[in-house]
Amino acid sequence: SDEKLDLNDSKWEDIHVITGALKMFFRELPEPLFTYNHFNDFVNAIKQEPRQRVSAVKDLIKQLPKPNQDTMQVLFRHLKRVVENGEKNRMTYQSVAIVFGPTLLKPEKETGNIAVHTVYQNQIVELILLELNSIFGR
């Protein structure tokens with residue numbers, strides 16, 4: 001809503017509240033940040049040889065709508081900073097990927113492969129975090 005929020009207010013001290021709100025925002029989008037029609041393409045990209053994965057994912061991101069690309073870049077830069085503060089928050093690349101993978105990247109219709117999809121969703125998010133500069137530039 002258009003409500004002005006003061007993030008310095010003590011009610012926002014619990015980081016889980018802010019993280020939950022961020023996840024809910026992305027979960028409730030009409031279409032995920034990684035659009036439905038590209039889900040299988042991203043899964044196929046992560047299945048490639050390790051040397052080819054980064055360029056395949058980078059090329060797919062470039063095919064997404066510009067607002068998705070821009071949002072993705074800001075979000076992943078933020079998540080990378082979260083991981084870089086892992087000594088304080090205990091968040092690793094893998095844990096951030098587990099938390100955000102299924103929220104950002106999902107098939108339009110769930111099939112019986114939910115567990116398999118989850119593995120790929122997490123791997124894609126982790127790869128982007130690890131290769132942020134290669135994918136989005138500096």
Side-chain angles (χ1 to χ4, degrees):
S1 70
D2 292 331
E3 180 182 350
K4 297 284 186 201
L5 296 176
D6 177 10
L7 294 179
N8 291 320
D9 187 315
S10 63
K11 69 180 178 183
W12 302 111
E13 284 180 8
D14 182 359
I15 193 64
H16 297 98
V17 172
I18 303 228
T19 304
L22 183 62
K23 278 181 50 185
M24 186 172 17
F25 170 81
F26 285 106
R27 191 179 311 118
E28 292 186 2
L29 289 173
E31 185 164 22
L33 194 58
F34 294 73
T35 58
Y36 288 130
N37 62 330
H38 283 90
F39 177 80
N40 288 325
D41 297 329
F42 278 102
V43 169
N44 289 332
I46 203 69
K47 289 179 181 178
Q48 292 185 22
E49 293 293 318
R51 295 183 320 273
Q52 298 169 329
R53 289 178 189 159
V54 174
S55 62
V57 167
K58 182 178 180 176
D59 291 344
L60 286 169
I61 289 172
K62 288 180 181 178
Q63 293 176 30
L64 294 172
K66 183 78 167 108
N68 294 49
Q69 293 177 43
D70 294 344
T71 302
M72 194 177 289
Q73 184 170 350
V74 170
L75 174 64
F76 277 91
R77 287 195 188 285
H78 170 72
L79 294 176
K80 175 87 169 188
R81 283 192 303 272
V82 169
V83 172
E84 288 169 350
N85 287 287
E87 279 186 24
K88 292 182 220 163
N89 61 33
R90 297 190 319 251
M91 293 299 286
T92 63
Y93 288 104
Q94 187 176 26
S95 57
V96 169
I98 288 168
V99 169
F100 280 91
T103 299
L104 301 175
L105 178 80
K106 55 191 169 198
E108 190 162 11
K109 290 189 170 44
E110 287 291 345
T111 63
N113 299 331
I114 294 171
V116 173
H117 286 166
T118 302
V119 170
Y120 293 133
Q121 290 159 321
N122 299 349
Q123 288 177 349
I124 292 161
V125 169
E126 186 173 356
L127 176 76
I128 294 170
L129 286 168
L130 287 166
E131 299 293 340
L132 187 73
N133 290 331
S134 300
I135 293 172
F136 292 110
R138 296 225 172 244

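Only a predicted model underlies this, so the values are computations on that prediction, with no experimental measurement involved.
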_In one Ile/Leu/Val/Met/Phe/Trp/Tyr side-chain cluster, 4.5 Å: Val96, Val119_ =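 Val96 does not cluster with Val119.
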
_When you group the ILVMFWY residues by side-chain heavy-atom contacts below 4.5 Å and let the links chain together, are Val74 and Met24 in the same group?_
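Different hydrophobic clusters.
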
Taking the side chain as every heavy atom from C-beta outward, state whether [X] and [Y] have any pair of such atoms under 4.5 Å apart.
X	Y	result
Val99	Met91	yes
Ile135	Phe76	no
Leu75	Leu22	yes

*Start with the C-alpha distance between Ile128 and Ile61, add both sets of side-chain angles, then the distance that settles side-chain contact (heavy atoms from CB on, under 4.5 Å), and finish with yes or no.*
CA-CA 10 Å; Ile128 294 170; Ile61 289 172; 4.0 Å; yes

If I take atom [atom1] from residue [X] and atom [atom2] from residue [Y], how far apart are they, to the nearest 0.5 angstrom?
X	Y	atom1	atom2	answer
Ile98	Thr103	CD1	OG1	12.5 Å
Asn44	His38	CG	NE2	12.0 Å
Arg53	Leu130	CZ	CG	11.5 Å
Gln63	Gln69	CD	CD	9.5 Å

Does the [X] side chain pair with the main chain of [Y], one donor and one acceptor, at a distance under 3.5 Å?
X	Y	answer
Gln94	Glu126	no
Gln121	Leu105	yes
Thr71	Pro67	yes

Give the minimum heavy-atom separation between [X] and [Y], together with the two atoms involved.
X	Y	result
Lys106	Arg27	NZ-O, 3.7 Å
Tyr93	Lys80	OH-NZ, 3.0 Å
Leu33	Met72	CD2-CA, 3.8 Å
Ala45	Ala56	CB-CB, 3.7 Å
Arg77	Gly137	NH2-O, 2.6 Å
Leu127	Val57	CD2-CG2, 3.7 Å

*asked:* Under the criterion side-chain contact (heavy atoms from CB on, under 4.5 Å), I'd like the reasoning laid out for Tyr36 against Lys109: C-alpha separation, chi angles, the key distance, then a yes or no.
replied: CA-CA 9 Å; Tyr36 288 130; Lys109 290 189 170 44; over 6 Å; no

*May I have the step-by-step check of side-chain contact (heavy atoms from CB on, under 4.5 Å) for Leu129 and Phe100, ending in yes or no?*
CA-CA 11 Å; Leu129 286 168; Phe100 280 91; over 6 Å; no

_Option among Leu60, Asp59, Thr35 that satisfies the side chain to side chain contact (heavy atoms under 4.5 Å, CB included) test with Asp41_ =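 Exactly one candidate clears the test, Leu60.
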
*asked:* So for atom CD, which belongs to Gln73, do other residues, nucleotides or ligands contribute more than 12 heavy atoms lying within a distance under 6.0 Å?
replied: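 Enclosed.
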
